[in-house]
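Here's the structure we're looking at; comments come further down.
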Amino acid sequence: MTSLPTGVGTGVGSMPGTDPTEAAAIVGGELDFTYLAELPARGIGADMVGRMGTLLVDMPIDAGPWGYRLAARPSAVTRAASDYLRFDLDALEELWDTAGFIGTGRQVKVAVCGPFTFSASVELPNGHKVLRDVGAWHDVVESTAEGLREHAAEVARRLGAQVTVQLDEPLIGAVLDGTVTPLTRLDPIRAIPLPEVVDALSGIVEQVGRPAIVHNCGAPRWDVIGRLHGVGHSVVLDAAISSGPDVLDTETLDGIGALIERGDVLVAGVVSAQRADRRARAETVASGLAAITDRIGLNRKVLSNNVIVTPTCGLAGAPPAWTRTALGICARAGELLSEDPQAL
């Protein structure tokens with residue numbers, strides 16, 4: 001299996017706007033480690049849950065009273081999600097063809113909704129969340145592995161690229177803590193035990209057989225990160241970049257140190273995705289990450305070998321003009337990490 005690219009910048013997943021050609025041009029123009037963007041502003045079926053609904057095998061979705069719901073057969077929502085995905089991939093392929101990237105083995109990332117966030121967001125036909133039914137969420141895990149494997153293979157075939165997969169799990173904390181909102185307060189959804197979550201995610205990564213990132217834009221779940229090896233893990237660090245590493249608590253410092261020391265990759269969310277920050281500079285980001293490694297006591301060579309630079313989360317809610325700037329800062333900061341980390 002090809003390793004994750006490191007000492008680089010990339011995005012997370014979503015972008016503002018509704019034009020896939022424009023989104024692909026911005027992402028491809030700013031980043032060497034590019035990605036297939038999601039454009040949730042297009043409406044139902046275009047967000048990460050809707051996209052996953054078209055990738056799952058034999059598990060179509062439809063619109064329910066409160067969001068998405070599993071359906072017995074493909075629906076208008078399923079078809080819309082499939083069309084959006086096709087438009088996005090066509091736009092990226094056209095961009096690569098024009099730039100001469102097809103078949104070069106260039107790196108590209110595809111992001112999908114992880115099985116636990118999907119199961120905590122989507123309803124069964126009876127109105128309960130998928131997560132409430134053990135058999136149902138196990139089916140989602142199996143379908144995720146099969147659908148993501150096929151999706152990554154199609155992207156690799158069409159682009160001639162090295163594909164990294166990203167599982168977006170923003171609700172992983174609620175799943176583990178048993179705080180996912182149930183249908184009624186009298187019928188709570190039990191917490192999923194940590195070993196089951198880790199085994200499921202590990203199994204998906206193994207079956208897909210490609211470099212993988214597990215992304216959580218919330219508070220880091222060091223219990224998951226500590227057990228789930230062989231993948232990149234996202235950690236939001238923008239506060240430490242602006243204020244210095246002393247704002248990080250001991251658990252975070254220890255967690256980052258253990259993650260890197262075992263050879264895995266820190267996906268550092270360091271540039272605001274929600275607001276334009278005129279103070280943000282690639283040099284500030286790179287030197288801030290160097291200060292964090294110094295605080296932990298790591299050799300700075302890990303900055304080029306074990307770090308990917310990203311915005312704090314997806315850019316869907318950001319001012320459009322800021323998206324290009326934020327991605328450019330991430331890309332340049334990654335270059336600085338790979339050039340001479342000792343000079344930062």
TODO: Mind running side-chain contact (heavy atoms from CB on, under 4.5 Å) on V197 and E169 for me, showing each step along the way?
DONE: CA-CA 11 Å; V197 170; E169 286 285 10; over 6 Å; no

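- Within the model, atoms CZ of R221 and CD1 of I225 stand 10.0 Å from one another, a figure rounded to the nearest 0.5 Å.
- If you chain together hydrophobic residues whose side chains sit under 4.5 Å apart, L124 and V57 never meet in one group.
- A salt bridge links E335 and R332; the closest N-O separation between the charged side-chain nitrogens and carboxylate oxygens is under 4.0 Å.
- Without hydrogens or angle criteria, T34 side chain to L31 main chain gives no donor-acceptor distance under 3.5 Å.
- Using modelled atom types, no side-chain atom of E30 and backbone atom of A331 make a donor-acceptor pair closer than 3.5 Å.
- Looking at every heavy atom in both residues, T323 comes nearest to A318 through CG2-CB, 4.1 Å.
- With a 4.5 Å cut-off on side-chain heavy atoms, D47 and Y68 count as touching.
- Under 4.0 Å is where a charged nitrogen must lie from a carboxylate oxygen, and between D168 and R51 no such pair does.
- Using a 4.5 Å heavy-atom threshold, the side chains of R190 and V134 count as touching.
- Between the side chain of T6 and the backbone N or O of V307, no donor-acceptor pair lies under 3.5 Å.
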- [ ] Show your reasoning for whether side-chain contact (heavy atoms from CB on, under 4.5 Å) applies to V27 and M15.
- [x] CA-CA 9 Å; V27 171; M15 290 280 285; 4.0 Å; yes

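- Summarising the geometry, atom CD belonging to E38 is positioned 8.5 Å from atom CG belonging to D88; distances are rounded to the nearest 0.5 Å.
- Taking CG of L39 as the start and CG of D19 as the end, the distance is 8.0 Å to the nearest 0.5 Å.
- The only member of V285, L266, L237 that meets side chain to side chain contact (heavy atoms under 4.5 Å, CB included) when paired with V309 is V285.
- Put simply, the side chain of M59 does not reach to within 4.5 Å of the side chain of F118, judged on heavy atoms.
- Between P5 and V8, the shortest heavy-atom distance links the atoms O-CG2, 3.8 Å.
- Of the possible polar contacts, one joining the K109 side chain to the G11 backbone as a donor-acceptor pair under 3.5 Å is found.
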Task: Chi angles and distances behind the salt bridge (Lys or Arg N to Asp or Glu O under 4.0 Å) call for R73, D62 - done: CA-CA 9 Å; R73 60 186 61 83; D62 201 351; over 6 Å; no

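- Once rounded to the nearest 0.5 Å, the distance linking OG1 of T310 with OH of Y35 reads 9.5 Å.
- The side-chain heavy atoms of I204 and V165, taken from C-beta on, include no pair separated by under 4.5 Å.
- The shortest non-hydrogen separation linking A212 to L4 is O-CD1, 3.6 Å.
- When atom types are taken as modelled, the side chain of T78 and the backbone of S75 share a donor-acceptor pair closer than 3.5 angstrom.
- Separation of atoms CG (L55) and CG (L148) is listed at 7.5 Å; rounding is to 0.5 Å.
- Crowding of D58 atom CG: a count of heavy atoms from other residues, nucleotides or ligands under 6.0 Å not exceeding 12.
- A donor-acceptor pair under 3.5 Å is formed between the side chain of T312 and the backbone N or O of A273.
- Residues E93 and I102 form a side-chain contact, since some pair of their non-hydrogen atoms from C-beta on lies under 4.5 Å apart.
- Other residues, nucleotides and ligands contribute at most 12 non-hydrogen atoms within 6.0 Å of the CD atom of E94.
- Remark: side-chain polar atoms of T117 are paired, donor with acceptor, to backbone N or O of L171 under 3.5 angstrom.
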Open item on the list: As a quick check of understanding, evaluate side-chain contact (heavy atoms from CB on, under 4.5 Å) for L183 and R132, giving each step before the final call.
Closed with: CA-CA 10 Å; L183 179 62; R132 181 178 177 274; over 6 Å; no

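- Closest approach of R262 to L259, counting heavy atoms only: CG-O, 3.2 Å.
- A donor and an acceptor atom, one from each side chain of D249 and T252, are located under 3.5 Å apart.
- In the hydrophobic clustering of ILVMFWY residues, with side-chain heavy atoms under 4.5 Å counting as a link, V180 and L167 come out together.
- Closest non-hydrogen pair, S304 versus S338, comes out as CB-CA, 3.7 Å.
- Connection of V271 to L337 is established within a shared hydrophobic cluster, with ILVMFWY side chains joined at heavy-atom distances below 4.5 Å, either directly or through further cluster members.
- The CH2 atom of W222 lies 7.5 Å from the CD atom of E251; values are rounded to the nearest 0.5 Å.
- Side-chain contact check for T250 versus L253: every heavy-atom pair is 4.5 Å or farther apart.
- Of the possible polar contacts, one joining the T104 side chain to the F101 backbone as a donor-acceptor pair under 3.5 Å is found.
- Listed for the N216 side chain is a donor-acceptor partner under 3.5 Å among the backbone atoms of A219.
- At most 12 heavy atoms of other shown residues, nucleotides or ligands fall within 6.0 angstrom of atom CG in D32.
- Transitive grouping of hydrophobic side chains (ILVMFWY, heavy atoms separated by less than 4.5 Å) keeps Y84 and I26 in distinct clusters.
- Side-chain heavy atoms closer than 4.5 Å link hydrophobic residues (I, L, V, M, F, W, Y) into clusters, and following such links, even through other members, never connects L327 to V267.
- Side-chain N or O atoms of Q166 include one that pairs as donor or acceptor with a backbone N or O of V12 at under 3.5 Å.
- Annotation for C313 and H215: closest pair SG-NE2, 3.8 Å, computed over non-hydrogen atoms.
- Side-chain contact between P170 and M48 is present, with heavy atoms from C-beta onward closer than 4.5 Å.
- The shortest distance between side-chain heavy atoms of I61 and L70 falls below 4.5 Å.
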TODO: Begin from the C-alpha positions of L85 and H151 and carry the test side-chain contact (heavy atoms from CB on, under 4.5 Å) through to its verdict.
DONE: CA-CA 10 Å; L85 178 57; H151 176 47; 3.9 Å; yes

